[in-house]
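The structure appears below as structure tokens.
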Amino acid sequence: MMTWKDIMHYATKGNPEPDRRVAKSLETWKEELSPEVYRITRQHGTEAPHSGALCSTHEPGVYRCACCDTPLFDSRIKFDSGTGWPSFTQPIQENAVKYLRDTSFGMVRVETRCNTCDAHLGHVFPDGPEPGGLRFCINSLALKLEKTD
């Protein structure tokens with residue numbers, strides 16, 4: 001189980017290698033993605049709180065990257081954080097998500113990206129539920145849910 005110490009180590013010392021890489025030009029991403037998904041994932045946007053279709057969804061399944069289809073989060077570790085964005089306690093595997101120190105807007109945060117294609121996902125914070133204490137706060141438009149039974 002990952003902890004805030006692990007997140008900070010990755011954000012400052014480097015991330016684990018992904019299982020695979022997907023690299024495309026911004027022009028190709030723009031052709032393949034909807035304008036809103038492109039804005040969130042490629043231009044590091046943020047959707048308005050409580051606006052995402054996956055915010056209040058709690059159906060069983062796997063949350064995948066909206067850009068490259070990489071499995072990122074399991075629905076069993078999703079929780080209602082009250083923030084208005086889908087929240088998770090852990091990634092599906094340690095090398096699925098990339099962590100970068102983010103000092104934009106006068107804050108110090110840790111940005112999360114898909115480790116396969118570098119899509120901006122959201123941020124991770126150390127105020128989640130135990131035992132790991134992590135809250136991955138992810139833009140709904142950066143994800144797609146593959147439902148399971």
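The structure presented is a predicted model; accordingly, all values stated were derived computationally and were not measured.
Considering only heavy atoms from C-beta on, Glu47 comes within 4.5 Å of Ser140 through its side chain. Between Thr70 and Arg20 the shortest side-chain heavy-atom distance falls below 4.5 Å. By the 4.5 Å heavy-atom criterion applied to side chains, Cys68 and Cys114 are counted as neighbours. Side chains of Pro71 and Gln93 form no contact here, defined as non-hydrogen atoms less than 4.5 Å apart. Residues Met1 and Pro131 have side chains in contact (heavy-atom distance under 4.5 Å, counting atoms from C-beta outward).
In this structure, Lys147 NZ and Glu59 CD are separated by 3.5 Å, a value rounded to the nearest 0.5 Å. The OG1 atom of Thr46 sits 7.5 Å away from atom CZ of Arg39, with the distance rounded to the nearest 0.5 Å. The distance from the CG atom of Asp80 to the SG atom of Cys55 is 7.0 Å, given to the nearest 0.5 Å. Taking CG from Leu100 and CZ from Arg109, the interatomic distance works out to 12.5 Å, rounded to the nearest 0.5 Å.
In summary, Glu32 and Lys24 engage in a salt bridge, as defined by a charged side-chain N under 4.0 Å from a carboxylate O. One finds no salt bridge joining Glu27 and Lys30 here, because no Lys/Arg side-chain nitrogen approaches an Asp/Glu carboxylate oxygen to under 4.0 Å. Arg21 has a carboxylate O that lies under 4.0 Å from a charged side-chain N of Asp118, or vice versa, which qualifies the two as a salt bridge. Salt-bridge formation is detected for the pair Arg113/Glu111: a Lys NZ or Arg NE/NH1/NH2 atom is positioned less than 4.0 Å from an Asp or Glu carboxylate oxygen.
Taking each heavy atom of Cys137 and Ser87 in turn, the nearest pair found is CA-OG, 4.4 Å. Nearest heavy atom pair, residue Thr3 against residue Asp6, reads N-OD2, 2.8 Å. Taking both residues in full, the closest heavy atoms of Trp29 and Cys117 are given as CZ2-CB, 4.0 Å, listed atom of the first, atom of the second, then distance.
Partners of Thr83 under the side chain to side chain donor-acceptor pair (under 3.5 Å) rule, at least two apart in sequence or in another chain, are Ser81.
Residues Tyr38 and Val22 share a single hydrophobic cluster, defined by chaining ILVMFWY side chains whose heavy atoms lie under 4.5 Å apart.
No donor-acceptor pair closer than 3.5 Å links the side chain of Arg135 to the backbone N or O of Gly128. Checking side-chain atoms of Ser75 against main-chain N and O of Gly61 turns up a donor-acceptor pair under 3.5 Å. Checked by atom type and distance alone, the side chain of Gln90 never pairs as donor or acceptor with a backbone atom of Gly132 at under 3.5 Å.
Cluster partners of Leu72 are Met2, Trp4, Ile7, Met8, Tyr10, Leu54, Tyr63, Phe73, Ile77, Phe88, Val97, Tyr99, Val110, Leu121, Val124, Leu134, Phe136, Ile138, Leu143, Leu145, counting Ile, Leu, Val, Met, Phe, Trp and Tyr whose side-chain heavy atoms approach within less than 4.5 Å, directly or via other members.
Evaluated for a side-chain hydrogen bond (donor to acceptor under 3.5 Å, both in side chains) with Asp19, the options Thr116, Asn95, Asn115 yield exactly one hit, Asn95.
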